[in-house]
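Below, each value reflects all heavy atoms present in this structure, side chains not excepted, and no hydrogens, waters or symmetry copies.
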Amino acid sequence: MSVLSFIRHGVTALAASLVLGGAALAQSGPLVSTEWLEKNLSDPKVRIVEVSVEPGIYERGHIPGAQNIAWHTDLVETVSRDIAGPEKFQALARKLGVDKDVTVVLYGDNNNWFAAWGAWVFDIYGLRDNVKLLDGGRKKWELEKRPVATNPVPVKASTFTVGEPNKALRARLTDVVASVEKKSDARILDIRSPDEFSGKIIAPAGFQELALRAGHIPGSVNVPWARAVNQADGTLKSPEELKKLYAEVGIDGSKPVITSCRIGERSSHTWFILTRVLGYQAANYDGSWTEYGNVVGLPISNPAGTVWGGK
């Protein structure tokens, strides 16, 4: 090979490696871009799953090839207040064609609110590094007028075998009480709205799951979950911006964090950011305020003074 040919070959190889590297980089992190996903819609090793808040939105139009999860039935036990048990989750994962050798892209409406809940449950059952969120979710996909479909496409079932649940990702009431009583160094990060946190309201208008008391867990700090998102397109803010956002209330990764909200869904969005984007140690408290605020005998903080919500 001549020197000129060698140089040309080297430049071509470098260009190819940069292109491949870009795709690999998109898959190696916790997020994938809308551009990357559109280029990989037909990849047999990519599974796309929608987890939205609004019922029927998937049926009206979804990313081509996407499967659908109804979070309030598929990802939870419908009688006991719990996440889906191992057998139920294994059946769901197999039905979706999900496995550890497949890149799973979760997305949804409302800035990936419940898609992050899905990522949390997936992580508990051993699906972590191959599970990504579509940065910007439905909002960005639709803003960019990317293709949508209305007919579900069947996928080949997987042979996924669920492992032992990772209990470290889930905070229980006892973990929260230990923090309140200063028997644990875990910090509690409440991601509800300022009005919920102060006790001015118990829950956002229209939500049925309530607590008898308003306020927040003593010692917790407040960063509303939506502050982590760019409002224009629903994408997450940069890691540098996110670190600064949480550091303002003392959350800097030096101590474990318990994320909390009303029923654990919004807090899973912040949990995803803390653990997957920033690399902090965090557990999601899915009991959240509807559990803690209803427990007899536990102290609360209520700056607004509306301790009792009844009339």
Point to revise | Pair Glu35 + Lys140, salt bridge at N-O below 4.0 Å | key: no

**Study point:** Steps toward salt bridge (Lys or Arg N to Asp or Glu O under 4.0 Å) verdict (Asp82, Arg170)
**Key:** CA-CA 11 Å; Asp82 208 345; Arg170 190 180 190 191; 2.8 Å; yes

Check your understanding: In Å, rounded to the nearest 0.5 Å, how long is the span from NZ of Lys139 to OG1 of Thr34?
Key -> 13.5 Å

Practice item. To the nearest 0.5 Å, tell me how far Thr270 OG1 sits from Leu278 CG. Key: 10.5 Å

Review point. Judged by modelled atom types alone, do Thr103 and Asn130 share a side-chain donor-acceptor pair under 3.5 Å?
Key: no

Point to revise | Lys167 side chain reached by Arg172 side chain, heavy atoms, under 4.5 Å | key: no

Check your understanding: Is it the case that one hydrophobic cluster holds both Ile300 and Ile201, taking links as side-chain heavy atoms less than 4.5 Å apart, direct or via other members?
Key -> no

**Study point:** Side-chain donor/acceptor of Tyr292 to backbone N/O of His216, under 3.5 Å
**Key:** no

Practice item. Kindly say whether the aromatic ring centers of Phe160 and Tyr125 come within a distance under 6.0 Å. Key: no

Practice item. Report yes if the side chains of Leu169 and Trp271 come closer than 4.5 Å at any heavy-atom pair, otherwise no. Key: yes

**Study point:** Lys/Arg N to Asp/Glu carboxylate O, Glu248 vs Lys244, below 4.0 Å
**Key:** no

Practice item. Decide salt bridge (Lys or Arg N to Asp or Glu O under 4.0 Å) for Arg227 and Glu241; before the verdict, give the C-alpha distance in whole Å, the side-chain angles of both, and the deciding distance to 0.1 Å. Key: CA-CA 10 Å; Arg227 289 186 62 195; Glu241 291 174 300; over 6 Å; no

Check your understanding: Is it true that a side-chain atom of Asp123 and a backbone atom of Ala119 form a donor plus acceptor pair closer than 3.5 Å?
Key -> no

Exercise for review: Taking only Lys NZ, Arg NE, NH1 and NH2, and the carboxylate oxygens of Asp or Glu, determine whether Arg262 and Glu265 approach each other closer than 4.0 Å.
Suggested key: yes

Point to revise | Lys88, NZ atom: more than 12 neighbouring heavy atoms under 6.0 Å | key: yes

**Study point:** Atom pair CD1/CH2 of Ile263 and Trp117 - distance to nearest 0.5 Å
**Key:** 7.0 Å

Review point. Distance-only, no hydrogens or angles: does the Gln67 side chain make a donor-acceptor pair with backbone N or O of Val49 under 3.5 Å?
Key: no

Exercise for review: Identify which one of Asn230, Asn111, Asp135 satisfies the side chain to side chain donor-acceptor pair (under 3.5 Å) criterion when paired with Thr235.
Suggested key: Asn230

Check your understanding: Which value, rounded to the nearest 0.5 Å, describes the distance between Arg266 atom CZ and His269 atom NE2?
Key -> 12.0 Å

Review point. Side-chain heavy atoms under 4.5 angstrom apart, residues restricted to Ile, Leu, Val, Met, Phe, Trp, Tyr: same cluster for Tyr58 and Phe122?
Key: no

Review point. Is it true that Lys255 and Asp185 make a salt bridge, defined as a side-chain N closer than 4.0 Å to a carboxylate O?
Key: no

Point to revise | Ionic contact status for Arg138 with Glu50, cut-off 4.0 Å | key: yes

**Study point:** Side-chain heavy atoms of Val277 within contact of Leu242, under 4.5 Å
**Key:** yes

Review point. Are any of the side-chain heavy atoms of Leu106 and Leu133 separated by less than 4.5 Å?
Key: yes

Review point. Should Asp43 and Lys45 count as an ion pair when the cut-off is N to O under 4.0 Å?
Key: no

Review point. Under the 3.5 angstrom rule, does the side chain of Arg276 hit a backbone N or O of Lys132 as a donor-acceptor pair?
Key: no

Practice item. Examine Arg192 relative to Trp225 and say whether NZ or CZ is less than 6.0 Å from the centre of the six-membered ring and inside a 45° cone about the ring axis. Key: no

